[in-house]
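Hydrogens, waters and symmetry mates are skipped; everything else that's a heavy atom, side chains included, is used.
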Amino acid sequence: MKIIKDKVAKLSFVALLVAMATAMFYAPAASAHGEKSQAAFMRMRTIHWFDLNWSKEEVAVNETMTISGKFLVFAGWPETVDKPEVSFLNVGIPGPVFIRAGSWIGGQLVPRSVSLELGEVYEFKVLLKARRPGDWHVHSMMNVQGGGPIIGPGKWVTVTGSMSQFVNPVTTLTGQTINLENYALDNVYFWHAVWFAIAFAWLLFWIKRPLFVPRHIAVSTGKADSLISAGDKKVGMLFGVGTMVIVAASMASTNEKYPVTTPLQAGLLRGMKTYQMPESTVSVKVDDATYRVPGRAMQMTLTVTNNGDSAIRLGEFNTAGVRFLDPAVHEDDTNYPDDLLAEEGLTVSDNSPLAPGETRTIEVTASDAAWEVYRLADLIYDPDSRFAGLLFFWDANGNRQLVTVDAPLIPTFI
Amino acid sequence: MSASQSAVRSRAEAVQVSRTFDWMILFTLFTAVLGGYHIHYMLTGGDWDFWTDWKDRRLWVTVAPIVSITFPAAVQACLWWRYRLPVGATLSVVALMIGEWINRYMNFWGWTYFPVNICFPSNLLPGAIVLDVVLMLGNSMTLTAVIGGLAYGLLFYPGNWPVIAPLHVPVEYNGMMMTLADLQGYHYVRTGTPEYIRMVEKGTLRTFGKDVAPVSAFFSGFVSIIIYFLWHFFGRWFAKTDFIADDAS
Ligand SMILES: [Cu+2]
């Protein structure tokens with residue numbers, strides 16, 4: 001007996017641990033967003049985010065801010081990733097520290113998934129309402145079915161105040177204004193309490209009597225029927241009928257209380273409005289591209305032809321949200337995140353204005369610690385060692401042209 | 001165990017030991033079922049149970065009863081045929097729902113700050129109680145599977161409707177109509193659960209107009225019958241004593 005008792009005690013303890021571990025098992029992904037651990041080619045060759053703007057760096061609870069900008073759905077989308085036919089504009093934040101009060105692509109509200117076309121540029125905006133105080137890294141993000149989350153650049157935003165002050169008023173089509181933060185919560189607790197009470201009553205009715213040993217003896221000696229009395233059956237009947245009556249009655253009263261309800265809404269949005277970039281009159285051919293591992297620099301030889309009617313200069317190379325600028329041509333005035341901005345990271349062998357009709361071969365170097373910090377250098381370990389990015393050219397009047405590049409990359413280790 | 005020497009010296013002591021034994025077994029059974037059932041239900045029912053904007057009238061209604069009738073059937077088989085205790089289903093579901101409430105309250109709300117009114121668990125208790133009552137009154141696996149299994153499927157949606165109905169009130173939001181549950185899913189950002197993962201309102205039950213929930217519930221009930229049989233057999237197999245020395249059985 002002693003041995004069995006010990007064994008059962010030990011087993012109970014193990015079971016308790018298992019149960020607690022299970023209860024802890026699942027928490028919706030909260031903290032690390034792992035933007036740096038995503039394969040470099042995913043960030044370089046799928047969605048290119050540019051012209052990004054975070055409207056605030058500090059925001060109080062209940063106040064709003066926006067992330068806005070544009071994204072280009074890269075024409076050279078990698079074979080290994082599903083096309084963005086079903087995509088969802090998301091934000092990369094650690095759980096609901098903000099609520100998404102609105103999100104738009106090309107001016108259309110996108111609470112649902114959308115279909116995107118390769119090679120097109122879209123304008124987007126996400127309106128966030130601050131909910132939980134803290135310092136949060138706020139990213140733009142595109143989820144692609146079959147491709148996973150494609151996370152855009154992130155910027156630190158500070159939320160001040162207290163979460164207990166947060167309110168989320170919504171006016172329904174039946175005319176009431178409710179606070180969605182705790183709406184119907186009492187009702188949830190009430191019905192769960194009612195059913196737990198009934199279930200505990202049923203359990204208690206049985207487990208208050210001697211259980212396993214005597215009942216097992218009775219069953220194994222053929223006296224099983226004596227274990228369920230006529231009274232037990234009556235009580236059972238009461239619980240069975242009572243359960244069905246309560247379910248039916250509560251359903252009827254609910255329908256009376258909420259006469260207007262609709263099913264959940266779902267469905268894919270197609271034909272999203274694209275953003276028309278000015279027609280590009282520059283053509284760029286990548287002659288070769290190398291990544292110098294020790295120098296943390298990418299070097300490309302480009303043959304650029306200006307087919308337009310004003311002289312242009314190369315001002316920016318943008319890949320995976322990292323911006324390499326030539327300050328002589330273009331400076332950032334949007335407070336772009338420091339770690340993603342190489343203000344003097346772009347060197348061009350000859351960046352004198354390229355006259356209309358002229359063709360020139362230039363050496364372009366994009367160098368910055370960001371190659372390492374953002375693990376873009378890991379590109380050389382990717383299955384398809386190519387790089388891609390956006391080149392921005394400016395003319396003397398500040399007109400900008402966008403050209404995409406997509407070419408093989410050769411690493412050099414010395 | 002051989003009966004060479006008794007561990008107790010009097011009848012009163014035997015009764016007391018037997019009762020202690022009851023509580024230990026119950027506690028062990030309860031926590032073990034809580035753990036196993038909880039993992040099972042999270043892997044199979046998962047998001048349908050986690051979020052209000054997954055609780056639709058087609059798939060949630062169909063999936064939740066089918067995947068949750070499993071442990072109740074198995075525990076019933078053990079407790080009824082060995083001990084004539086008609087509490088297997090209720091005990092399992094109470095264990096599961098306590099585990100779920102701990103998880104939702106401590107992790108979803110306490111750790112990641114999702115409001116409880118978006119991530120509360122589904123109510124499986126009415127079906128479980130009826131399942132136990134049918135087994136007790138009928139003393140038959142087949143009857144429990146057919147009547148109880150069907151009832152388990154049918155009671156699910158009406159048993160949850162009082163809880164979720166307020167969240168199905170429509171709202172106009174920036175020019176689109178959605179339910180408050182949809183809006184919860186949109187407002188409270190889930191980075192890892194993009195909208196397209198949501199499996200709601202999919203299926204081919206288009207000829208029933210808006211009365212699709214009862215049809216889904218019936219279908220769920222029929223499949224629950226089959227799953228009940230299967231897991232009842234698992235339970236009986238699990239409760240065998242063949243592997244213990246002969247005099248114990
Ligand atoms: Cu981040």
Output, in order, the C-alpha distance, side-chain angles, deciding distance and verdict of side chain to side chain contact (heavy atoms under 4.5 Å, CB included) for A:Tyr183 and B:Val169.
CA-CA 12 Å; A:Tyr183 168 70; B:Val169 172; 4.2 Å; yes

Please report the C-alpha distance between B:Val189 and A:Ile99 in whole Å, then the side-chain angles of each, then the deciding distance to 0.1 Å, and finally whether the side chain to side chain contact (heavy atoms under 4.5 Å, CB included) criterion is met.
CA-CA 6 Å; B:Val189 176; A:Ile99 64 162; 6.0 Å; no

Close side-chain approach of A:Thr261 to B:Thr179, heavy-atom, < 4.5 Å
no

Worked verdict on A:Leu203 versus B:Leu91 for side chain to side chain contact (heavy atoms under 4.5 Å, CB included)
CA-CA 7 Å; A:Leu203 289 181; B:Leu91 189 78; 4.1 Å; yes

Just do the side chain to side chain donor-acceptor pair (under 3.5 Å) check on B:Asn123 and A:His192 with the steps written out, would you?
CA-CA 7 Å; B:Asn123 175 20; A:His192 277 257; 5.5 Å; no

Is there a side-chain contact between B:Val94 and A:Trp195 (heavy atoms, below 4.5 Å)?
no

Counting only non-hydrogen atoms closer than 4.5 Å, does A:Arg209 touch chain B with its backbone (N, CA, C, O), its side chain (CB onward), both, or neither?
backbone

Let's test your reading of the structure: which of B:Asn174, B:Val130, B:Ile118, B:Val93 forms the most heavy-atom pairs below 4.5 Å with chain A?
B:Asn174

Name the option with the most non-hydrogen atom pairs under 4.5 Å to chain B; the candidates are A:Lys129, A:Met163, A:Met237, A:Lys257.
A:Met163

For A:Arg132, is it the side chain, the backbone, both or neither that has a heavy atom under 4.5 Å from a heavy atom of chain B?
side chain

What residue, out of A:Ile207, A:Leu268, A:Val91, A:Asp225, has the most heavy-atom pairs lying under 4.5 Å from chain B?
A:Ile207

Criterion side chain to side chain donor-acceptor pair (under 3.5 Å) on A:Asn168 and B:Tyr188, from CA distance to verdict
CA-CA 11 Å; A:Asn168 189 7; B:Tyr188 295 92; 3.3 Å; yes

If you count heavy-atom pairs under 4.5 Å between each of B:Val33, B:Asp132, B:Leu131, B:Leu79 and chain A, which one has the most?
B:Asp132

Taking the side chain from B:His168 and the backbone from A:Thr262, do they hold a donor-acceptor pair closer than 3.5 Å?
yes

With A:Trp202 via ring pair (Phe, Tyr, Trp, His ring centres under 6.0 Å) - residues at least two apart
A:Trp206, A:Phe239

Most contact-rich option vs chain A, by heavy-atom pairs under 4.5 angstrom, among B:Pro170, B:Ala181, B:Gly159, B:Ser18, is B:Pro170

Side chain, backbone, both or neither: which part of A:Phe200 has a heavy atom under 4.5 Å from chain B?
side chain

Using a cut-off of under 4.5 Å on heavy-atom pairs, state which of B:Arg84, B:Met177, B:Glu100, B:Met176 scores highest against chain A.
B:Arg84

More than 12 heavy atoms of other residues, nucleotides or ligands under 6.0 Å from CD of B:Gln16: yes or no?
no

Would a distance-only check, ignoring hydrogens and angles, find a side-chain to backbone donor-acceptor pair under 3.5 Å from A:Arg100 to B:Tyr186?
yes

Is there a side-chain contact between A:Val219 and B:Arg82 in this structure, where contact means two heavy atoms from C-beta onward sitting under 4.5 Å apart?
no

Using only atom types and a distance under 3.5 Å, with no angle test, would you say the side chain of B:Asp22 pairs donor to acceptor with the backbone of A:Leu211?
yes

Out of curiosity, A:Leu180 CG to B:His187 NE2, how far, rounded to the nearest 0.5 Å?
7.0 Å

If you count heavy-atom pairs within less than 4.5 Å of chain B, which of A:Leu227, A:Leu109, A:Leu185, A:Thr243 leads?
A:Leu109

Which one of A:Glu181, A:Lys233, A:Met244 has the most heavy-atom pairs closer than 4.5 Å to chain B?
A:Glu181

Would you check if the distance from the ring center of A:Phe212 to the ring center of B:Phe21 is below 6.0 Å?
no

Check for me whether the distance between the ring centres of B:Phe120 and A:Trp191 falls short of 6.0 Å.
no

Identify which of B:Trp161, B:Tyr113, B:Tyr173 forms the greatest number of heavy-atom pairs closer than 4.5 Å to chain A.
B:Tyr113

Below 4.5 Å from any heavy atom of chain B, which atoms of A:Phe205 appear? Answer side chain, backbone, both or neither.
neither

Is there a side-chain contact between A:Ile178 and B:Leu180 (heavy atoms, below 4.5 Å)?
yes

Would the distance check show the side chain of B:Tyr196 and the main-chain N or O of A:Ser113 forming a donor-acceptor pair, the cut-off being under 3.5 Å?
no

Taking the side chain from B:Asp182 and the backbone from A:Leu264, do they hold a donor-acceptor pair closer than 3.5 Å?
no

Report yes or no: does A:Asn182 contribute a side-chain atom to a donor-acceptor pair with the main-chain N or O of B:Asn117 at less than 3.5 Å?
no

Quick one: are B:Pro162 and A:Asn187 in side-chain contact, heavy atoms under 4.5 Å?
no

Best-contacting candidate, B:Val163, B:Leu155, B:Val15, against chain A by heavy atom pairs under 4.5 angstrom:
B:Val163

